[in-house]
Structures are given as structure tokens and as C-alpha cells.
Number of protein chains: 2
Amino acid sequence: MAYHHGNLKEALLECAADVIAERGIEALTLRGLARDLGVSHAAPGAHFADRRALLCELAKVGFQRSLEFMRAGAEAAGPDPVARYRALGRSYVQFAQDNPSYFRAINHPEVEAHLDDDLRGARAAWVATLREGVEVAQASGWHPEIEVETLLAFSCAAAMGTAQLLTDSVWTDVFDVDDVDALADSVLDVVVHRSRTSVVPILEETEEKRSA
Amino acid sequence: MAYHHGNLKEALLECAADVIAERGIEALTLRGLARDLGVSHAAPGAHFADRRALLCELAKVGFQRSLEFMRAGAEAAGPDPVARYRALGRSYVQFAQDNPSYFRAINHPEVEAHLDDDLRGARAAWVATLREGVEVAQASGWHPEIEVETLLAFSCAAAMGTAQLLTDSVWTDVFDVDDVDALADSVLDVVVHRSRTSVVPILEETEEKRSA
DNA sequence: CCTGGATCTTGCCAGTGACAAGATTCTCAC
DNA sequence: GTGAGAATCTTGTCACTGGCAAGATCCAGG
């Protein structure tokens, strides 16, 4: 076997995503990843200063990929600004369901407490896209009486909250529903405050499923 | 010094809340708590099987206290069902801001992944109260066209998402606002979909401030 | 070839959680 | 009271983790 692993950094990120998806973020250890990949226990140190740095990188990638997916969802929703806005949120929830590891990394306290310029940039880009969606929707007549910043905060809160609620069985169990996807659709309809007549298509995903 | 600490369990929970509020949940260690309280490193083991058990207990207390605070808020909001519903959500956000340690415990993945009957009961009671608020509000004419379960999920998501957003500087920094409380009020107004004419009073809290 | 940098290994240390065995204190039936 | 048993706490130990340091190996460019 080659002394160099070849692409250890990528392999670490991939393996970490698998571990998180299967056994949760608390079960993620640098030494465990090293064992899984057949390298020495200090090898990850060459690519990630510490555990937190790896999680931050995962979160950064998570923001980027979710953003891509949200934009694709908006594109698939057609020209109507409100439908596009709804698709942004719906796609984010879908992404969270399909990629629990990235979603958990994004929302993990250890990641949020850390200041990382790249990560902050990724988060800002995410919010900026949502802001644009809100602005365009509002320009087309959607809730003109509400301040943009308020609508943006509401949108972020609704997206994050819905995603957290519907990706965790601890919460879905307390609701009297069987079809989580349908509930997500309904909740998103309440968020955009429209009748349930037009449901935008949801793209198929993704990372977790691909690696499975 | 007495061999028995007297009330180690309570002291551990209190000390844990302080540590979480000051340095985050990741900095919480059983041995560290033992040192702070001047007992041996294995003393906490008599009251909590492991770190997770302590976090679950904190989360349970968090649900109970937040629920008390929400009910008090609803009571203070007067007889109007929609105003009471709004007060439930607004009070929860306020509680999260005033008691970050409990809020973080409630939403920590390590806690959510664990099955604990007491904790599950506390969570169920929390959801039940919100459900009752939704039902009464709907009975008074609020959004009769939407299914109860959908409104409930939307309400939970909005409350949790808003709380998470407004208690974390990582998120508040990306918004163009200075008054977080005013933003919380505005967002809650969007949630209940009312004009910003009547703002219910917010009770003073809290746990963290008391212990500070 | 050979030199510097990137990558990886081995070895080490302190801190943590968890367990076991024993000491101390409390509770309560008798 | 008093003695048995439960609750509480201590000491000791082990495996595991993160992090650091020093050195070995590989790679790229002059």
C-alpha cells in the first residue's frame, strides 16, 4: 500500500458523513475515522487541526450543497416568485431529510460556537439567497405590509424549525401523522400562506443515499 | 466537611446549567462538575449514570420550566385565544433567550437520540399544551381552513426555529437588526398573521439571570 | 540529484467516562 | 438504641480520545 493515502481529506469527510448518519455526531472521533480508513491515529491531524475543524468543513459543504439544491428547486418551480420562494424552503427541508449528516453538522453547537471565515461566508451566502427569494416574492405582491428583515427571519426560522422537526423521530412521533412529506408540504403552505392547490415538484436527492 | 454533600444532585444540575451557559455544552464534563463542587470524580455517578443522563434531566427540567413560563405568558395575555396562542410562542422564545442552558439541552442531539420516558413525557406535555392553544385559537376562528396537525407542526417549527435563530449570535449577526426582542415580536406577528397593533406583555425571567 | 514541503507514522501525555470495590453516613424497622 | 441495609461518596483502575512532538516517507521543482 502506498505510504500516501492519496486523498485522505476527502475520504475523511466522506467517512465522517457516514458515521454521523449512522451513529450520530457524538460517535464521531478522529481516531475512529483513522481506523476506518486504515491510517495512523494522527494522520487526520495533517488535514484538520481538531475535531471541530472537520465538523466546520462538513457544515460548510452542507451549506453549499443545500444551497445548490435549493436553487435547483427554485428553478424547477417555474417563474412565479412565490412558488420559487416556497421551493427554496421546501427543498431545504428535503435536503435535511436526505442528508441528515450535513444538516446535523450545520446545526451542531460546537460548529456554531466556532468562528470560521469560510463557514461564515457559506452561511451568509445561504441567507443571502433566501433574502433574494423573499425580496423577489415581496416585489411581486407577497406580504407587502411586512418588513423584509422580518420576513427573512421568519423564513429562516420556519425552514430551520421545520427541518429540525421533520428529520427527528423524537418529534415526528408526537405528531399524529404518518406521511412526513405530506406534512412538510402542508407546513410549507402555511409558511407561504397559500392554499394547497399548487404543489411544486421536489427533486430527488442525494449525498447520503448515494453513499449508502 | 460533611462526608455527604447534602444535595449533590441539585447542585450538579445547577452547576451544569452555569457551565453550559458560560462555556457551552461541549465544555460540560462530569469530572469538571465534581471538581467545581469539591467532590470526588466518581461522585456524580451515584446520581447520573452517565453524561447523557444528566443532559436528559436538564432537558426535562427545561421542558417543564419553559412550559410553566409559557402558561404564565398565556395567562397574562388575557382571554383572547389568538393572543394566548401568540403568547405561548413568544414566551417560549423569551425563555430560550433567558435560559440558553436549558434550551441547548433540549435541542442537543445527544439528548434527542436518547429514549427516556420522563423526558418523552415532558416533551409530550409541552406539545400537548401547544396543541391545546392551537385548537382553542382555531375554534375562535383562527385559520379554520388548515388541519390542526398542520397548524401544530407549523407552530412547533416556528417556535423552535425562531428560538434557535434569535438565541445564537451566529445567526443574529447575519440579519440587519439591532433589537432582537423587537424582531422576535415581529416574527411572532407573522406567525399568528396579525397586524402589529397589539403586543402582549412579556414576563420578566429567569433562571440564568437568577443564578448569575 | 537533492532539497524543501507535504504527508504520514510512532510515541507520548493529560483529560474523560465508566466500572469495581470499599468506606462512610443515613434510614428505619425492631 | 441498635443493627441491617440502602444511599452516598472515595479511591483505584482501564480503555479511549485529542493533541503534541519528533522522525520517516513521499512528492515536486530546480
Side-chain angles (χ1 to χ4, degrees), chain A residues 1-20 22-59 104-105 108-116 118, chain B residues 1-20 22-59 104-105 108-116 118:
Chain A
M1 189 179 106
Y3 187 85
H4 272 225
H5 179 278
N7 202 348
L8 185 56
K9 188 170 184 177
E10 291 292 325
L12 282 169
L13 288 171
E14 234 175 87
C15 193
D18 289 346
V19 170
I20 294 173
E22 286 166 18
R23 298 183 294 147
I25 245 176
E26 313 305 322
L28 183 71
T29 64
L30 292 177
R31 283 171 118 96
L33 292 179
R35 273 194 299 273
D36 291 346
L37 296 172
V39 294
S40 75
H41 65 85
H47 303 280
F48 301 103
D50 50 13
R51 200 184 101 113
R52 177 188 284 175
L54 192 153
L55 280 178
C56 284
E57 184 74 17
L58 264 185
R104 289 177 205 167
H108 199 271
E110 199 169 352
V111 169
E112 295 186 333
H114 188 59
L115 302 178
D116 182 306
D118 283 354
Chain B
M1 190 179 105
Y3 186 84
H4 272 223
H5 179 278
N7 203 348
L8 185 57
K9 189 171 183 177
E10 291 293 325
L12 283 168
L13 287 171
E14 236 175 84
C15 192
D18 290 345
V19 170
I20 294 173
E22 287 166 18
R23 297 182 296 148
I25 244 174
E26 312 306 322
L28 183 72
T29 65
L30 292 178
R31 283 172 118 97
L33 292 179
R35 272 193 301 273
D36 292 346
L37 296 173
V39 293
S40 75
H41 64 87
H47 303 279
F48 301 102
D50 51 14
R51 200 185 103 112
R52 176 187 285 174
L54 192 152
L55 280 178
C56 284
E57 184 74 16
L58 264 185
R104 288 177 205 167
H108 199 270
E110 200 169 351
V111 170
E112 295 186 332
H114 188 59
L115 301 178
D116 180 306
D118 284 353

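Chain naming here is simple, since letters A, B, ... match the order of the sequence lines and numbering starts at 1 in each.
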- [ ] Mind checking side-chain hydrogen bond (donor to acceptor under 3.5 Å, both in side chains) for E26(A) and listing every partner two or more places apart, or none if nothing turns up?
- [x] H108(A)

Open item on the list: Tell me the closest heavy-atom pair linking C15(B) and L33(B), and the distance in Å.
Closed with: SG-CD2, 3.7 Å

TODO: Please name the pair of heavy atoms, one in A105(B) and one in L58(B), separated by the smallest distance, quoted to 0.1 Å.
DONE: CB-CB, 4.0 Å

Check the distance between [N]'s [atom2] and [X]'s [atom1] and give it to me in whole angstrom.
X	N	atom1	atom2	result
E10(B)	dT8(D)	CD	C1'	16 Å
L55(B)	dG17(C)	CG	P	11 Å
K9(B)	dC9(D)	NZ	P	12 Å
L8(B)	dC26(C)	CG	P	15 Å
D36(A)	dC16(D)	CG	P	14 Å

Task: Close side-chain approach of D36(A) and V19(A), heavy atoms under 4.5 Å - done: yes

Open item on the list: Can you list, in residue-number order, the parts of residues 41-53 of chain A that come under 4.0 Å of DNA chain D, counting heavy atoms only?
Closed with: H41(A), A42(A), A49(A), D50(A), R51(A)

TODO: Please list residues of residues 23-31 of chain B whose heavy atoms come under 4.0 Å from any atom in DNA chain C, ordered by number; otherwise none.
DONE: T29(B), L30(B), R31(B)

Task: Which residues share a salt bridge (charged side-chain N to carboxylate O under 4.0 Å, His left out) with E112(B), sequence neighbours left out - done: none

- [ ] Give, for atom CG of D18(A) and atom CG of L13(A), the distance between the pair rounded to the nearest 0.5 Å.
- [x] 11.0 Å

Please table the atom pairs, donor to acceptor, closer than 3.5 Å between any side-chain atom in residues 39-55 of chain A and protein atoms at least two apart or in another chain.
from, atom 1, to, atom 2, distance (Å)
H41(A), ND1, R31(A), NH2, 3.4
D50(A), OD1, A53(A), N, 3.0
R51(A), NH1, L28(A), O, 2.5
R51(A), NH2, E110(A), OE1, 3.2
R52(A), NH1, H114(A), ND1, 3.3

Task: Side-chain donor or acceptor of R104(B) paired with backbone N/O of P109(A) under 3.5 Å - done: no

